[in-house]
Number of protein chains: 2
Amino acid sequence: MRALKYAILGLLIKRPMTGYEIAKEFSYELAEFWYANHSQIYPELKKLTSEGHVVFNIEISGDILEAKRYTITDKGIKDFTQWILKDENLQRTPKDIFRLRMYFSNNLEVGSRIHLLENQRLQHVNRLNTLKKIFEQYLEVPSASSDRFGDFLVLRGAIMREENYIAWIDECIMYSKENPQTSPK
Amino acid sequence: MRALKYAILGLLIKRPMTGYEIAKEFSYELAEFWYANHSQIYPELKKLTSEGHVVFNIEISGDILEAKRYTITDKGIKDFTQWILKDENLQRTPKDIFRLRMYFSNNLEVGSRIHLLENQRLQHVNRLNTLKKIFEQYLEVPSASSDRFGDFLVLRGAIMREENYIAWIDECIMYSKENPQTSPK
DNA sequence: ACTAAACATGTATACATTGACATGATTCGT
DNA sequence: ACGAATCATGTCAATGTATACATGTTTAGT
């Protein structure tokens with residue numbers, strides 16, 4: 001499947017980048033649906049180079065500090081274009097440890113269950129607020145052909161996802177309070 | 001972290017099960033937020049046995065077909081109880097290939113983009129309908145102490161998640177139609 | 001002059017996960 | 001009696017991912 005390959009190629013279509021810059025991209029908006037740290041990125045870039053999907057040239061900062069700036073090749077663009085066009089079956093639903101906890105939550109007394117839910121809620125609210133702040137920077141919907149359109153869509157998706165998760169937690173809290181039990185299990 | 005360990009222990013608290021039965025559980029509701037196939041489950045059960053978290057006894061069907069029925073030990077219950085009680089920081093947002101595609105969707109012409117979105121939409125609608133049919137079986141909210149309460153919460157969560165994903169896709173379709181471009185990139 | 005943060009690239013080890021390979025028994029329908 | 005579906009358990013190789021190890025430079029602030 002090699003999704004990381006296409007994530008990197010997609011970034012390099014926008015502009016040539018170093019491995020370090022690619023890693024940074026993954027820690028901004030992109031992290032809302034994809035992530036890789038540098039220990040995965042550098043080997044992948046090496047592989048992409050040997051496959052002819054990218055080429056690099058070395059830039060020097062200061063006296064000796066080298067950075068490899070990678071550019072996507074025609075072969076890379078062609079491969080990426082085929083990938084992005086391809087219909088795809090639904091992935092398996094992503095794993096979610098908190099949902100796993102809630103699935104087994106009958107093993108908890110009401111107090112503990114609600115504590116866990118409130119804690120999780122707070123974290124999602126914080127994330128939501130961060131996302132909303134980033135979203136405020138878009139004063140209008142970017143043109144569908146600009147590469148900021150993709151950023152806009154996934155950021156909107158991330159906000160909706162967080163709002164929905166919070167709504168689910170609220171339902172869980174409500175049901176737990178409505179329906180108290182004396183002792184667990 | 002060993003989430004699979006706790007997923008298995010949680011199931012075994014409900015009742016003793018064979019590896020085969022555990023694998024089956026992962027392909028029903030549980031698959032909405034966790035999954036493992038038998039090639040992961042059997043080794044994990046072996047490990048849990050050697051750690052003293054579970055024990056098994058062999059059942060024979062017919063003449064010779066052996067099945068190992070695993071039972072959780074006191075040590076296993078204690079370990080699970082500590083785990084379920086523990087507060088947890090948010091996981092990294094799960095990877096989502098379709099969102100990755102949409103992030104790079106400025107490389108597509110409007111027609112292709114909408115085709116991909118419609119295709120994905122259909123698949124989510126199908127999944128949603130399946131989930132709703134399962135949900136109809138709950139004529140009332142199960143008691144918070146019954147082990148069907150967890151099933152109920154995560155099933156409700158899965159329905160909300162699918163509805164929300166479809167709403168996001170609809171927004172993407174709307175923005176793509178509102179904001180057409182002549183040629184990609 | 002010093003220092004902290006950011007720039008920059010790599011490797012290694014362990015763990016998690018997938019899909020294929022491998023084998024065979026039992027049950028249910030026709 | 002036959003065949004298909006289900007029951008049942010395991011290993012292996014490849015891939016993917018996380019965390020730590022490892023090293024050194026440059027820049028911006030004080």
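- Every residue two or more places apart in sequence or in another chain was checked for a side chain to side chain contact (heavy atoms under 4.5 Å, CB included) with B:K46, and none qualifies.
- As rounded to whole Å, 7 Å separates atom P of C:dA16 from atom CE of B:M1.
- Among the protein residues, A:K5 comes within range of no part of the nucleic acid, since none of its heavy atoms lies under 4.0 Å from any strand.
- What separates OH of A:Y42 from P of C:dC7 is a distance of 11 Å, to the nearest Å.
- Spacing between atom CZ of A:F26 and atom P of C:dA8 amounts to 17 Å, rounded to whole angstrom units.
- By the ring-ring contact (aromatic ring centres under 6.0 Å, His included) test, B:F80 is found to be paired with A:F104, B:W83, residues two or more places apart in sequence or in another chain being considered.
- Rounded to an integer number of Å, the gap from CH2 of B:W34 to P of C:dA16 is 10 Å.
- Per the geometry, CG belonging to A:L45 stands 9 Å off P belonging to C:dT9, to the nearest Å.
- Among residues two or more places apart in sequence or in another chain, the ring-ring contact (aromatic ring centres under 6.0 Å, His included) test is passed with B:H38 by B:Y42.
- Proximity of residues 78-93 of chain B to DNA chain C (heavy atom under 4.0 angstrom from any strand atom) is not detected for any residue.
- B:K47 comes within contact range of no nucleotide atom at all, as no heavy-atom separation falls under 4.0 Å.
- Under a 3.5 Å cut-off, the side chain of B:S112 and the backbone N or O of B:L108 do not form any donor-acceptor pair.
- Take B:F149 and apply the ring-ring contact (aromatic ring centres under 6.0 Å, His included) test, not counting sequence neighbours, and it matches no residue.
- One can place CD of B:E44 at 10 Å from C1' of C:dA16, the figure rounded to the nearest angstrom.
- Below 30°, between 30° and 60°, or above 60°: for B:F98 and B:W168 the angle between ring planes is above 60°, a perpendicular geometry.
- Counted within 6.0 Å of CG on B:D74, heavy atoms from surrounding residues, nucleotides or ligands total 12 or fewer; the atom is thus considered open.
- In terms of the ring-ring contact (aromatic ring centres under 6.0 Å, His included) criterion, residue partners of A:Y70 (sequence neighbours excluded) are, by chain and number, A:F56.
- Contact annotation: A:K46 does not reach the phosphate of C:dT9 (side-chain N/O to OP1 or OP2, under 4.0 Å).
- Phosphate contact (OP1/OP2 of C:dC7, side-chain N/O of A:K24, threshold under 4.0 Å): present.
- Not counting sequence neighbours, the partners of B:N119 by the side chain to side chain contact (heavy atoms under 4.5 Å, CB included) test are A:D87, B:Q123.
- The cationic group of B:K14 lies under 6.0 Å from the six-membered ring centre of A:Y103 and within 45° of the ring axis, placing it in a cation-pi geometry.
- Listed by first and then second residue, the salt bridge (charged side-chain N to carboxylate O under 4.0 Å, His left out) pairs involving residues 93-107 of chain A are A:D96-A:R99, A:R101-B:E88 (not counting sequence neighbours).
- Using a 4.0 Å cut-off on heavy atoms, the residues of residues 51-72 of chain B that approach DNA chain C are B:S61, B:G62, B:D63, B:I64, B:L65, listed by number.
- Mapping A:H38 and B:Q40 onto DNA chain D by nearest heavy atom places B:Q40 closer to the 5' end of the strand.
- Separating the CG atom of B:N37 from the C1' atom of C:dC21 is a distance of 13 Å, rounded to the nearest angstrom.
- Side-chain to base pairing of B:S39 with C:dG19: one donor and one acceptor N or O lie within less than 3.5 Å of each other.
- Where the helix from C:dA1-D:dT30 to C:dT30-D:dA1 starts and where it ends, the local axes point in directions that differ by 40°; five pairs per end, rounded to 10°.
- Following chains of ILVMFWY side-chain contacts shorter than 4.5 Å, one can reach B:M1 starting from B:F33, so the two form part of one hydrophobic cluster.
- In summary, A:E51 and A:K75 do not engage in a salt bridge, as defined by a charged side-chain N under 4.0 Å from a carboxylate O.
- Of all nucleotides in DNA chain D, those with any atom nearer than 4.0 Å to a heavy atom of chain A start and finish, going 5' to 3', at D:dG16 to D:dT26.
- In this view, B:P142 and B:Y138, B:S146, B:R148, B:F152 satisfy the side chain to side chain contact (heavy atoms under 4.5 Å, CB included) rule, not counting sequence neighbours.
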